[in-house]
Q: 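Here it is, the structure, as structure tokens.
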Amino acid sequence: MAQDAAVPSARPGTDASGVAATVASLMPLARTELTELVAFRSVADPAQYPPEECDAAARWVADALRSEGFTDVALLDTPDGTRSVYGHLPGPAGAPTVLLYAHYDVQPPLDEEAWLSPPFVLTERRGRWYGRGTADCKGGFVMHLLALRALKANGGVPVGVKVIVEGSEEQGTGGLERYAEEHPELLAADCVVIGDSGNFRRGVPTVTAALRGMTMVTVRVDTLAGNLHSGQFGGAAPDALAALIRTLDSLRAEDGSTTVDGLAADASWDGLEYPEEDFRADARVLDGVELTGSGTVADRVWARPSVTVLGIDCPPVVGATPSVQASARALVNLRIPPGVSPDEATALLTAHLEAHVPWGARVRVEQVGQGQPFRADTTGPAYTVMAEALREAYDGAGMRIAGMGGSIPLCGTLAALYPEAEILLIGLSEPEAQIHAPNESVCPEELRRLSVAEALFLRGYAEAGRG
């Protein structure tokens, strides 16, 4: 749940009206650029979309950085086979350096029939811009561009800026994390602004201070040498799909709480609460359907582990034959709170799945992705400056500090590599954006305000460093 940030006011900078006016004038360009970016089907999974789509998006980002005067612009070939885009804009002598992050890869559109407009065509409806990646996180890169352009038009960019735009964040394959660990000097900065989070609610300026990490595994169950006629063999032949379902069911208690053997699931969130009625509305829970788990909503989504079965390989209903299945496979995602190691969580999840498969079925578990959890220290000077910048951009509204149940794997890596750097998470993914779902969208007003806030933050952070 969001809470008011207990931070003092930063020193006032120069008049912010010029920055705000410039950003407002650039919004048509922002829409054009986001339209171009959304058009790239940049899902970082060659089994679903051609890798050329991601390469084209990466080149678009690199060209945008070059056009803004960035030097050392490079397409980084990361160990997972994808590309991240890096650029450096040197600042005045003695100025601090700020790293700006976004990612250009996106989730697949899922059920395209559920989209009211084509997922890779930016479409305006009811004042929002719809399309995959508009909020998560191509819009985050456009936000960075708007902020930097506004500063250039109003006295110049007063800090050194590094930009890193990831190419496989949604896949959780760890390419950029490993690249950063192998090149620790590349992303070194005094402060990091991650543009991949979001406001607690539209119009409520928010910085995210805690992220769950995650591990992702495939689990395969085998019982027979081949499929069998269900009439001739059903009743005695072990059904691999049924065995998989029983195994997956062991990951949840009767109330829906996550139950991985050996993994604690009783932590509490120590901030203000996320009202259940608000959560039901945000999650679009159907009337009469209960929420899962125990404790407060904030406990469940920010402070405790959560398991989700992302997909199952089995015959579709249409075209299915009356057969006992010989093999079945599932993709399982386990979110973990700060304080839990992804390696430990993977080991516990693997052991749990192996222990709970029935009937002596053969089971094989393979990790396919992971990400570190993260918790920020919100007491530093950058949070003071950001609080004032958001207050200015949101007409006096106070900054809120929230948790987020999702993962941004790079955050943990950056925190380990640069322990002195403050890390702030802002972005466009407020609840109405429906990221990862059909009909993802961004609110242009949020894009405008957050771009103004980021520009004012960079200006204020430079002043704070000189003071």
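Start at 1 with the first residue, then count along the sequence.
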Q: Could you tell me whether the side chains of Asn333 and Thr308 share a donor-acceptor contact shorter than 3.5 Å?
A: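 Result is no, nothing qualifies.
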Q: With side chain to side chain contact (heavy atoms under 4.5 Å, CB included) as the test, would you mind laying out the steps for Ser306 and Leu334 before giving the verdict?
A: CA-CA 6 Å; Ser306 172; Leu334 176 64; over 6 Å; no
Q: So, the side chain of His436 versus the backbone of Gln107: is there a donor-acceptor pair under 3.5 Å, distance only?
A: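 No; judged by distance alone, with no hydrogens or angles, the pair does not exist.
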Q: For a quick test of reading the model, state the closest non-hydrogen atom pair linking Leu428 to Ala433 and the distance between them.
A: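 Taking every non-hydrogen atom into account, O-CB, 4.0 Å.
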Q: Would a distance-only check, ignoring hydrogens and angles, find a side-chain to backbone donor-acceptor pair under 3.5 Å from Thr296 to Asp299?
A: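 Present.
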Q: Can you tell me which residue among Ile426, Leu414, Leu211 is in a side-chain contact (heavy atoms from CB on, under 4.5 Å) with Ile194?
A: Leu414
Q: When you compare the side chains of Arg83 and Thr78, does any donor N or O come within less than 3.5 Å of an acceptor on the partner?
A: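 Judged by distance alone, the side chains do not pair up.
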Q: Is there a side-chain contact between Asp196 and Glu169, using heavy atoms and a 4.5 Å cut-off?
A: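 Result yes, sub-4.5 Å side-chain heavy-atom pair found.
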Q: Is atom CD of Glu185 surrounded by more than 12 heavy atoms (other residues, nucleotides or ligands) closer than 6.0 Å?
A: yes
Q: Decide if atom CZ of Arg178 counts as having more than 12 heavy atoms of other residues, nucleotides or ligands within a radius under 6.0 Å.
A: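 Counting other residues, nucleotides and ligands, CZ of Arg178 exceeds 12 neighbours.
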Q: Ignoring hydrogens, what is the shortest heavy-atom contact between Ala56 and Phe40? Give both atom names and the distance.
A: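 Looks like CB-CE2, 3.5 Å.
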Q: Go through the steps for Ser117 and Arg125 under the test side-chain hydrogen bond (donor to acceptor under 3.5 Å, both in side chains), then give the verdict.
A: CA-CA 10 Å; Ser117 53; Arg125 293 195 303 275; 2.8 Å; yes
Q: Do the side chains of Leu458 and Leu151 get nearer than 4.5 Å, heavy atoms only?
A: yes
Q: For the CD1 atom of Ile408 and the CZ atom of Phe374, what is their distance to the nearest 0.5 Å?
A: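 That separation rounds to 9.0 Å.
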Q: When you compare the side chain of Ser451 with that of His144, does any pair of heavy atoms fall below 4.5 Å?
A: no
Q: A side-chain contact here means heavy atoms from C-beta on lying under 4.5 Å apart; do Thr134 and Leu122 qualify?
A: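 Sidechains of Leu122 and Thr134: in contact.
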Q: Can a side-chain donor-acceptor contact be found between Ser341 and Asp343 if the only test is distance below 3.5 angstrom?
A: no
Q: Got a salt bridge between Arg149 and Glu33, using NZ or NE/NH1/NH2 to carboxylate O under 4.0 Å?
A: yes
Q: Less than 6.0 angstrom from the centroid, inside 45 degrees of the normal: does Arg132 satisfy that with respect to the ring of Phe120?
A: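 Judged by the rule, Arg132 and Phe120 form no cation-pi pair.
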Q: Cys137 versus Tyr104: any side-chain heavy-atom pair under 4.5 Å?
A: no
Q: Check whether Trp115 reaches the backbone of Pro109 with its side chain - one donor and one acceptor, N or O, closer than 3.5 Å.
A: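 Yes, the answer is positive, given that a donor and an acceptor are paired below the 3.5 Å cut-off.
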Q: Show the numbers, then the answer: is there a side chain to side chain contact (heavy atoms under 4.5 Å, CB included) between Arg449 and Asp395?
A: CA-CA 10 Å; Arg449 288 183 181 272; Asp395 301 327; 3.1 Å; yes
Q: Kindly compute the distance separating CD1 (Ile312) from CG (Leu331), expressed to the nearest 0.5 Å.
A: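 Ile312 atom CD1 to Leu331 atom CG measures 10.5 Å (nearest 0.5 Å).
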Q: Identify the heavy atoms of Val85 and Ala58 that sit nearest to each other, and give their distance.
A: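 Taking every non-hydrogen atom into account, CG2-O, 3.5 Å.
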Q: Could you report the tightest heavy-atom contact between Tyr394 and Gly203, atom names first, then the distance?
A: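 That closest heavy-atom pairing would be CD2-O, 3.7 Å.
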Q: Which is it for Leu410 and Tyr101 under the side chain to side chain contact (heavy atoms under 4.5 Å, CB included) test, yes or no, and what are the steps along the way?
A: CA-CA 9 Å; Leu410 187 65; Tyr101 168 90; 3.6 Å; yes
Q: Can you check whether Ile401 reaches Thr206 side chain to side chain, under 4.5 Å on heavy atoms?
A: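 They are not in contact (no side-chain heavy atoms under 4.5 Å apart), so the answer is no.
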Q: Side chains of Lys138 and Ser42: is there a donor and an acceptor less than 3.5 Å apart?
A: yes
Q: Would you say Tyr383's side chain and Ile423's backbone share a donor-acceptor pair under 3.5 angstrom?
A: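 Judged by distance alone, yes, a pair lies under 3.5 Å.
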Q: Could you check whether Phe200 and Tyr274 have their ring centres less than 6.0 Å apart?
A: yes
Q: As an exercise, state the distance from CZ of Arg335 to CZ of Arg212, rounded to the nearest 0.5 Å.
A: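 Taking CZ in Arg335 and CZ in Arg212, the distance rounds to 7.0 Å.
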Q: Are the charged groups of Arg201 and Glu430 less than 4.0 angstrom apart, N to O?
A: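 Glu430 and Arg201: not salt-bridged.
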Q: List in chain and number order the residues that pass salt bridge (charged side-chain N to carboxylate O under 4.0 Å, His left out) with Asp313, two or more places apart in sequence or in another chain; answer none if no residue qualifies.
A: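 Here the qualifying residues are Arg329.
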Q: Atom CG of Leu76 and atom CG of Leu186: how far apart are they, to the nearest 0.5 Å?
A: 6.0 Å
Q: I'd like to know if the side chain of Thr123 and the backbone of Val121 have a donor-acceptor N/O pair within less than 3.5 Å.
A: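 A pair under 3.5 Å: yes.
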Q: As a quick check of understanding, evaluate side chain to side chain contact (heavy atoms under 4.5 Å, CB included) for His103 and Glu170, giving each step before the final call.
A: CA-CA 9 Å; His103 63 84; Glu170 298 291 8; 3.3 Å; yes
Q: If we only count heavy atoms from C-beta on, is the Arg400 to Pro205 side-chain gap below 4.5 Å?
A: no
Q: Return yes if some donor-acceptor pair links the side-chain N/O of Asp72 with the main-chain N/O of Gly87 below 3.5 Å, else return no.
A: no
Q: Given 3.5 Å as the limit, does a donor-acceptor pair link the side chain of His352 with the main chain of Asp261, or not?
A: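 Yes: the side chain of His352 pairs with the backbone of Asp261.
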Q: Hey, what do you get for CD (Glu166) to CG (Asp105), rounding to the nearest 0.5 Å?
A: 6.5 Å
Q: Just one of Glu440, Glu446, Glu432, Glu445 clears the salt bridge (Lys or Arg N to Asp or Glu O under 4.0 Å) bar with Arg128, so which one?
A: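 Only one of Glu440, Glu446, Glu432, Glu445 forms a salt bridge (Lys or Arg N to Asp or Glu O under 4.0 Å) with Arg128, namely Glu432.
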Q: For atom CD of Glu366, is the number of surrounding heavy atoms from other residues, nucleotides or ligands below 6.0 Å larger than 12?
A: no
Q: Salt-bridged, Glu68 to Lys152, with N to O below 4.0 Å?
A: yes
Q: Do side-chain atoms of Thr258 reach the backbone of Val307 as a donor and acceptor pair under 3.5 angstrom?
A: yes
Q: On the 0 to 90° scale, with breaks at 30° and 60°, tag the Tyr461-Phe457 ring pair as parallel, tilted or perpendicular.
A: parallel
Q: Pro337 and Pro305: which non-hydrogen atoms are nearest, and at how many Å?
A: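 Nearest pair, atom of Pro337 first, then Pro305: CD-N, 3.8 Å.
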Q: In this structure, are over 12 heavy atoms from other groups packed under 6.0 Å from Arg252 atom CZ?
A: yes
Q: Rounded to the nearest 0.5 Å, how far apart are OH of Tyr179 and CG of Leu187?
A: 9.0 Å
Q: Could you walk me through whether Gln372 and Thr413 satisfy the side-chain hydrogen bond (donor to acceptor under 3.5 Å, both in side chains) test, starting with their C-alpha distance in whole Å, then the side-chain angles of each, then the deciding distance to 0.1 Å, before giving a yes or no?
A: CA-CA 7 Å; Gln372 295 284 343; Thr413 301; over 6 Å; no
Q: Report yes if some heavy atom in the side chain of Asn439 is under 4.5 Å from a heavy atom in the side chain of Gln434; otherwise report no.
A: no
Q: Which atom names give the shortest non-hydrogen contact between Glu454 and Ala147, and what distance separates them?
A: OE2-CB, 3.6 Å
